[in-house]
Amino acid sequence: MRLSQLFARTWREAPADAELVSHQLMLRAGYIRRLAAGIYSYLPLGWRVMRNIQEIIRQEMDAIGGQEINMPVVHPAELWQESGRWYDIGPELARFKDRVGRDMVLGMTHEEVVTDLARREVDSYRQLPFMVYQIQTKFRDEPRSRGGLIRVREFMMKDGYSFHPDQEDLDRYYPSVCQAYFNICRRCGVDVAMVASDVGMMGGTGAHEFMLVTAAGEDTLVLCRRCGYAANQDVAQSQRGDALSPSAPLREVATPEKKDVVEVARFLAAEPRGVLKTLVVVADGKPVMACIRGDLEVNERKLANCLGVGDVRLAHDEELVGWGMVAGYVSPVGQAHCRVIADLSVVEEQGLIAGANREGYHYTGARFGRDFSTPEVIDMAAARPGDACVECGGSLELARGVEIGNTFKLGLKYSRSMGAHYLDSEGAEKPLVMGCYGIGLGRLAACVVESHHDDKGIIWPLPVAPYPVHLVALGTGEDVVAAAAGIYEQLNASGISCIYDDRNASAGVKFNDADLMGMPLRITVSKRNLKESAVEIKPRSAESASSVALDAMLGYVQDWIDHQMARYKP
RNA sequence: CGGGGCGUGGCGCAGUUUGGUAGCGUGUCUGAAUGGGGUUCAGAAGGUCGCAGGUUCAAAUCCUGUCGCCCCGACCA
């Protein structure tokens, strides 16, 4: 491709509203252009990256028995009503009516459609298991898109769905998908962490996310360096430390104006961890007292999952009043009206400071099982850095991550609600057991850039680079132009695709654009080198260039490419 | 949806407080010189100042409304 003809231009400066490096560089180098909030076009260079990523994904999905299909973008609402998500999902599901007034949706994912396919096609255990996947555009009307390609509304996703006769078969297959995901990310040059994750709106029995660990990430991860434990904070477990509070009789003490944990603890000469923190949350419109040791925070996602509701929120002060509660002095001690749920951290404590359910007073010496109780003891604490790992006791760390892909054991959620059955070898009707597996391609591309750039531009790993070679002709002398054109032809004839900077521009402009666009190998043709019958070859990732004889050029490039590709081989 | 901010040639910005009919850098086009890290000189094109009302002799500037975009939060397969 001649750069003079390439449909894209580079920008010297990034638009002011692009914050992430990947966003800035992909805009500046002419890979993507924004059409609307969270909606992007891919220019030729960007699309070549996407096609490379697609091909890697296809190879890895095919390698684990995947069969590529393509499902519609537009779905009739009835399918989503059958699964229940028509009612469960809010405005991020784009809905519209067709010309005859029929409700339709834009597919944000394809469980319904693929389950519908499966129930029509599958009758017998002999057809199981199988996995189908597609690479296709999705639309989710996110409340807030951000970060360039990291969080968008319209996006290309690889979504795969596996169907199994039973849970054991899904459990057997699931690790091969995870391995394929590691392979995909490694071949794209992205180092990912597989973390246990929340099952979210998909429902199901287990899930993992594949995360690029980066400060630009939106999710909080809990990691143990010692044993490799890794989980999204929304499901992460941790040890809370031994109970310390001494046993004491329950006694009411005056704590005027002391409402929050820190104030109360200080007033009574105690530590925050000697206080029983009681949050009143609203779940399905009803109040629940969530009790946790004072030094810990509640993770609302974990709490909501334990309560079996979509989400919880803190109650407003007016709501508390309506329920006869006193803000700052709420407590499970001596009250019988409100559902109480307790974190594991409070069970062993012998004498905690707790609210007295009246203005200006707390109890000391409150003990679980004696002064208050609930059958609902759960893990709702947010893991903290430095907490002990539940697996090995090592010290946990917190990190941020970008979710590139996810894997879910869906189980029976859709086959039940949509009636997808098969007959087993005994002739008994059984529901299909499903897994589903997603990867965001644009997000993966952005993560490659986040992982591979310097202050001058992108540094593409060879397998995803739009072109392996960036050929630069310096000056407009006839000999240089002729030599460069010859090399261009030679590379093309050898199947090495190449971007050829044939513009009448100065060396600085060409080098800067080459660095910005980030092709792995740069070949420079100039009068200076031509005198030695040589060209200059420089890997984008290297500091300096090598002089290579003209007649050795092709072999050098081919060897370099082969050597690089070997690093990324599955 | 809550909080904050921004809309002025392709991109980055000034001008808005104190109304007087739009400017700088970069990019683009033409010509010339230059030719190893965004080179130089000369000339040129390109803007209903997001949109709609209103105030005024006069609005980028003041008022009202509206749309779009960004950041933080809520939300998120």
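Throughout, a chain's letter reflects where its sequence line sits, starting with A, and its residues are numbered from 1.
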G2(B) pairs with, by Watson-Crick or G-U criteria that keep both distances under 3.5 Å |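 Paired with C72(B).
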
Any strand: nucleotide that pairs with G38(B) via Watson-Crick or wobble, under 3.5 Å | none

When all nucleic acid strands are considered with a 4.0 Å heavy-atom cut-off, which category describes [X]: base, sugar-phosphate, or nothing?
| X | answer |
| --- | --- |
| Glu19(A) | sugar-phosphate |
| Asn529(A) | base |
| Asp515(A) | base |
| Phe155(A) | base |
| Ser197(A) | nothing |
| Asn512(A) | base |
| Lys456(A) | base |

Given side chains that start at C-beta, do those of Arg400(A) and Thr220(A) come closer than 4.5 Å, heavy atoms only?
->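 The answer is yes, as the side chains (C-beta and beyond) meet within the 4.5 Å cut-off.
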
Just wondering, do Ile378(A) and Leu303(A) contact through their side chains at under 4.5 Å, heavy atoms?
->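 SC-SC contact between Leu303(A) and Ile378(A) confirmed.
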
Criterion side-chain contact (heavy atoms from CB on, under 4.5 Å) on Val433(A) and Ser415(A), from CA distance to verdict | CA-CA 7 Å; Val433(A) 178; Ser415(A) 45; over 6 Å; no

Minimum-distance nucleotide (side-chain atoms of [X] versus [options]):
| X | options | answer |
| --- | --- | --- |
| Arg28(A) | G37(B), C11(B), G38(B) | G38(B) |
| Arg34(A) | C69(B), C75(B), C11(B) | C69(B) |
| Leu516(A) | A74(B), C69(B), G38(B) | G38(B) |

Determine, for Asp171(A) against Lys409(A), whether the closest basic-nitrogen to carboxylate-oxygen distance falls under 4.0 angstrom.
-> yes

Taking only heavy atoms on the protein side, list every residue of residues 72-81 of chain A lying under 4.0 Å from any atom of RNA chain B, sorted numerically.
-> none

Between [N] and [M], how far is it from one [atom1] atom to the other, in whole Å?
| N | M | atom1 | value |
| --- | --- | --- | --- |
| A14(B) | C75(B) | P | 35 Å |
| G53(B) | G12(B) | C1' | 32 Å |
| U66(B) | G3(B) | P | 15 Å |
| A22(B) | A60(B) | P | 9 Å |
| G5(B) | U21(B) | C1' | 29 Å |
| A59(B) | C51(B) | C1' | 15 Å |
| A44(B) | U55(B) | C1' | 40 Å |

Nearest-nucleotide 5' precedence on RNA chain B, Arg443(A) against Gly148(A) | Gly148(A)

For Trp11(A) and for Phe511(A), locate the closest nucleotide of RNA chain B by heavy-atom distance; then report the residue assigned to the nucleotide nearer the 5' terminus.
->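 Looking at the nearest nucleotide for each, Trp11(A) comes out on the 5' side.
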
Under 3.5 Å between N/O atoms: give me all the protein pairs with nucleotides 28-30 of chain B, atom names plus distance.
none

Please write out the pairs of protein N or O atoms and N or O atoms of nucleotides 12-16 of chain B separated by less than 3.5 Å, giving the distance to one decimal.
unit_1 : atom_1 : unit_2   : atom_2 : d
G12(B) : OP1    : Ala16(A) : N      : 2.8
G12(B) : O4'    : Glu13(A) : OE1    : 3.3
G12(B) : O2'    : Glu13(A) : OE2    : 3.4

Could you list the protein-to-nucleotides 32-34 of chain B atom pairs, N/O on both sides, closer than 3.5 Å?
none

Nearest-0.5 Å distance, OH of residue Tyr437(A) to NZ of residue Lys158(A) = 9.0 Å

Go through the structure and list residues passing side chain to side chain contact (heavy atoms under 4.5 Å, CB included) with [X], not counting sequence neighbours.
| X | answer |
| --- | --- |
| Glu154(A) | Ile39(A), Thr137(A), Phe139(A) |
| Asn406(A) | Glu209(A), Glu403(A), Phe408(A) |
| Leu117(A) | Ile69(A), Met71(A) |
| Val261(A) | Pro272(A), Val275(A), Lys277(A) |

Presence of donor-acceptor pair under 3.5 Å, side chain of Arg522(A) and base of G37(B) =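 Donor-acceptor pair under 3.5 Å: yes.
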
Below 4.0 angstrom from OP1 or OP2 of G27(B), is there any side-chain N or O of Arg12(A)?
->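 Yes, within the criterion.
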
Which protein N or O atoms sit under 3.5 Å from an N or O of nucleotides 43-46 of chain B?
none

Count the heavy atoms of every other residue, nucleotide or ligand shown that sit under 6.0 Å from CG of Asp191(A), and state whether that count exceeds 12.
->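 Atom CG in Asp191(A) is not crowded, with 12 or fewer foreign heavy atoms closer than 6.0 Å.
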
Describe, in one word, how the ring planes of Tyr173(A) and His164(A) are oriented to each other, choosing from parallel (under 30°), tilted (30 to 60°) and perpendicular (over 60°).
-> tilted

Compute the ring centroids of His470(A) and Tyr500(A), then answer whether they are less than 6.0 Å apart.
->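 No, the ring of His470(A) stays outside the 6.0 Å limit from the ring of Tyr500(A), centre to centre.
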
May I ask you to check whether Phe210(A) and Phe182(A) place their ring centers less than 6.0 Å from one another?
->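 When the ring centroids of Phe210(A) and Phe182(A) are compared, they turn out to be within the sub-6.0 Å range.
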
Sequence neighbours left out, what pairs pass side chain to side chain donor-acceptor pair (under 3.5 Å) with at least one residue falling in residues 68-81 of chain A?
->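 Passing the test, one end in residues 68-81 of chain A: Arg58(A)-Glu68(A), His75(A)-Trp80(A), His75(A)-His110(A), Glu78(A)-Arg102(A).
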
All N/O donor-acceptor pairs, side-chain side in residues 15-22 of chain A, below 3.5 Å, sequence neighbours left out:
unit_1   : atom_1 : unit_2    : atom_2 : d
Ser22(A) : OG     : Glu450(A) : OE2    : 2.7

Got a list of side-chain donor-acceptor pairs under 3.5 Å for residues 503-520 of chain A, not counting sequence neighbours?
unit_1    : atom_1 : unit_2    : atom_2 : d
Arg503(A) : NE     : Asp501(A) : OD1    : 2.9
Arg503(A) : NH1    : Asp513(A) : OD2    : 3.2
Arg503(A) : NH2    : Asp501(A) : OD2    : 3.0
Arg503(A) : NH2    : Asp513(A) : OD2    : 2.9
Lys510(A) : NZ     : Ala473(A) : O      : 2.5
Lys510(A) : NZ     : Asp501(A) : O      : 3.3
Lys510(A) : NZ     : Arg503(A) : O      : 2.7
Asn512(A) : ND2    : Gly508(A) : O      : 2.8
Asp513(A) : OD1    : Thr10(A)  : OG1    : 2.9
Asp513(A) : OD2    : Thr10(A)  : OG1    : 3.4

Arg540(A) to Trp560(A) six-membered ring, cation-pi geometry met (6.0 Å, 45°) = no

